[in-house]
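By convention in this document, chain letters (A, B, ...) are assigned in the order of the sequence lines, proteins followed by strands, and residues within each chain are numbered from 1.
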Amino acid sequence: MSQNTDLLTLRSVSKSYGTVPVLHDIDLSIRDGEFLTVLGPSGSGKTTVLRLIGGLEPLSSGEIQLDGQDISRMPINRRPFNTVFQDYALFPHMTVSGNVGYGLSVRHLKRKEIARRVGEALELVQLGRFAERFPAQLSGGQRQRVALARALICQPRLILLDEPLAALDLELRRQMQEFLKSIQREIKTTFLFVTHDQEEAIGMADRICVMQAGHIRQLGTPHELYYKPNCEFVARFFGENNLVAGRLGPVQDGQRPIETALGRLVCSISDQPHLKAAPDGANAFAAFRPEALRLADANDGDNRFSGSIAELAFAGSSTVATIMAGADDAAQRLRLRMPSRIDGSALKSGETVSLCFAPHEGHLVLA
Amino acid sequence: MSALPRPSTIFLAAITTLVAVLLYSPLFVPIVSSFFIISHGNVDWSSPTLSTYVALAGNHDILAALRTTLIVGVCTVVLSVISGTLLALYYHGRRSGRSILQFIVFLPFLMPPIISGLALLIFFREIGLERSLLTVVIGHTVFVLAIVYRTVLMRLQSMSRTLVEASYDLGASGWQTFWRIILPNLSSAMVGGAILAFALSFDETMITILVTGTQSTLPVRLWAMMRLGFSPDINALVALILMFTVLLCVLAARFLIPKQMATERN
């Protein structure tokens with residue numbers, strides 16, 4: 001199966017609870033075999049998207065298509081999807097193998113067949129030794145893997161994961177991220193992963209769908225979202241960023257200037273027709289990552305401004321400087337990230353420095 | 001352990017012991033005296049004997065009453081567990097009507113038994129139902145239903161909603177979900193509720209007196225015997241009932257207190 005065919009398509013899907021709308025006209029295509037992460041703050045509607053696809057909630061309007069067929073009204077137990085729940089939802093009165101084999105035994109498969117496939121699934125998640133344990137006897141990470149084995153044993157077209165790593169501690173979460181990703185590559189099944197943690201999203205996803213307040217704000221690869229956010233929300237939510245407000249100037253071959261409190265900043269607008277089409281004088285932000293900002297030397301002409309260093313924070317491999325730039329009455333708080341050096345930082349707290357970023361590393365988002 | 005100075009600890013211990021002895025020692029009097037012969041109001045401590053138990057075994061009135069009690073108890077348990085569980089399942093997660101239902105279910109349990117009993121008696125008369133063991137069973141079921149309903153509902157509420165969702169998600173039908181997920185998770189609450197229901201039915205007196213026909217249950221029989229005078233085999237009977245009740249309570253606690261399935265299996 002190639003990643004270019006669409007497995008599942010949501011067409012203007014809306015959902016309200018009573019009179020409270022939680023999803024507004026969502027359009028989303030999930031490609032066959034991809035790892036798609038739905039990322040958003042709590043209350044953004046990301047879990048609702050997953051529950052609608054899984055069939056745990058009915059749509060208010062719109063349509064969900066699987067291979068082009070409308071499945072909006074297909075009952076949950078007939079949909080070829082399985083869910084890994086946030087609280088794992090393991091059946092406490094069944095052993096690990098009872099839990100994992102449940103999806104097969106309710107389909108009345110032969111005992112031998114079930115035992116064989118349960119064995120395989122437990123091997124896949126490295127829990128072969130724990131087959132006869134009860135869920136209460138397992139650690140959080142082990143329960144997580146039981147839930148995963150239980151979901152994938154039915155060979156679903158799509159596995160839905162609802163913040164499955166939220167309850168694990170940091171180290172275990174890292175391990176599970178790699179583990180999930182490797183399993184997904186191995187069984188070549190489409191994963192839809194819901195999370196509020198953008199680091200988790202960057203690390204695992206082929207594509208990320210950023211949601212806010214019931215809308216999809218942007219859908220793209222982690223790289224696209226990081227370097228070409230299409231709105232202020234994504235620019236701020238996805239990774240650390242510097243945003244400086246201003247008004248757009250006239251387009252000049254693939255770049256566009258913006259007049260800000262730091263002066264005139266020039267940013268790239270390649271491949272972004274909506275920025276090219278925006279009228280002169282429109283409100284916008286210049287966005288540049290902390291690692292794009294650097295100390296200016298004599299040759300640097302563009303996007304140059306001065307600022308004073310308010311704070312220096314050593315963060316292991318990198319050092320982050322908090323900088324107040326621009327005139328005192330309109331000072332902008334910026335961050336600069338640079339690799340740490342054993343002989344200390346080139347910067348000193350309180351120092352005034354000249355800073356710049358390259359136009360192709362800057363980016364514009366409309367306000 | 002305790003932050004109190006030593007003399008006051010000793011004082012508290014003494015008070016506690018005294019209260020315990022005063023409150024609970026009467027319970028042991030029948031047990032102890034059931035092993036001795038009482039003649040002319042004096043207990044003959046010299047020779048322990050099982051003669052009261054022998055006499056009890058020959059007391060056909062008492063044994064008949066005991067059998068009646070057991071029949072009523074078992075029927076009550078079956079009826080109340082089935083209807084209590086169905087009610088709990090129906091009203092779990094449903095807002096409308098639940099508080100009214102709970103009020104009605106709890107009413108007979110909270111009202112003075114004499115009022116419940118009279119209401120039932122009048123009801124049976126109105127609909128022309130002869131007083132019999134059937135009316136006793138109905139009366140007991142109405143009385144203990146609240147306990148079973150509450151016990152099962154509490155378990156349902158503590159059960160994660162995602163368990164049911166997970167079952168459907170894995171392809172199970174509603175029927176499969178009920179038999180394989182919901183019922184097994186309720187079963188210990190149902191057993192616990194059943195034991196409590198049985199214990200309540202076992203010593204229910206007031207309602208029983210009002211709605212029974214010719215047959216007496218054990219408490220009713222005992223009550224009648226006490227008016228006529230005290231016979232030594234009653235000690236034996238009380239001792240047996242006491243032990244049986246303690247056993248039931250221990251069992252009920254075992255089923256109702258959440259346990260880790262884990263620790264038993266390993």
**Prompt:** Of the backbone (N, CA, C, O) and the side chain (C-beta and beyond), which part of Asp87(A) lies under 4.5 Å from a heavy atom of chain B, both, or neither?
**Reply:** side chain
**Message:** Tell me whether Asp32(A) is salt-bridged to Lys188(A), with the criterion being a basic N under 4.0 Å from an acidic carboxylate O.
**Reply:** no
**Request:** Could you tell me which of Ser173(B), Ala172(B), Gly174(B) has the largest number of non-hydrogen atom pairs under 4.5 Å with chain A?
**Result:** Ala172(B)
**Asked** Under 3.5 Å, side chain of His93(A) to main-chain N/O of Arg180(B), donor-acceptor pair present?
**Response** yes
**Prompt:** Within 45 degrees of the axis of the six-membered ring of Phe91(A) and under 6.0 Å from its centre: does Arg150(A) put its NZ or CZ there?
**Reply:** yes
**Message:** Heavy-atom cut-off 4.5 Å, strictly under: side chain, backbone, both or neither for Arg161(B) against chain A?
**Reply:** side chain
**Prompt:** Side chain, backbone, both or neither: which part of Leu90(A) has a heavy atom under 4.5 Å from chain B?
**Reply:** backbone
**Request:** Would you mind checking if Arg116(A) and Glu113(A) are paired as a salt bridge, meaning a charged N to carboxylate O distance below 4.0 Å?
**Result:** yes
**Message:** Between Phe202(B) and Phe244(B), is the ring centroid distance below 6.0 Å?
**Reply:** yes
**Item:** Structural part of Ser187(B) lying under 4.5 Å from a heavy atom of chain A
**Value:** neither
**Item:** chain B contact via Phe81(A) - side chain, backbone, both or neither, heavy atoms under 4.5 Å
**Value:** backbone
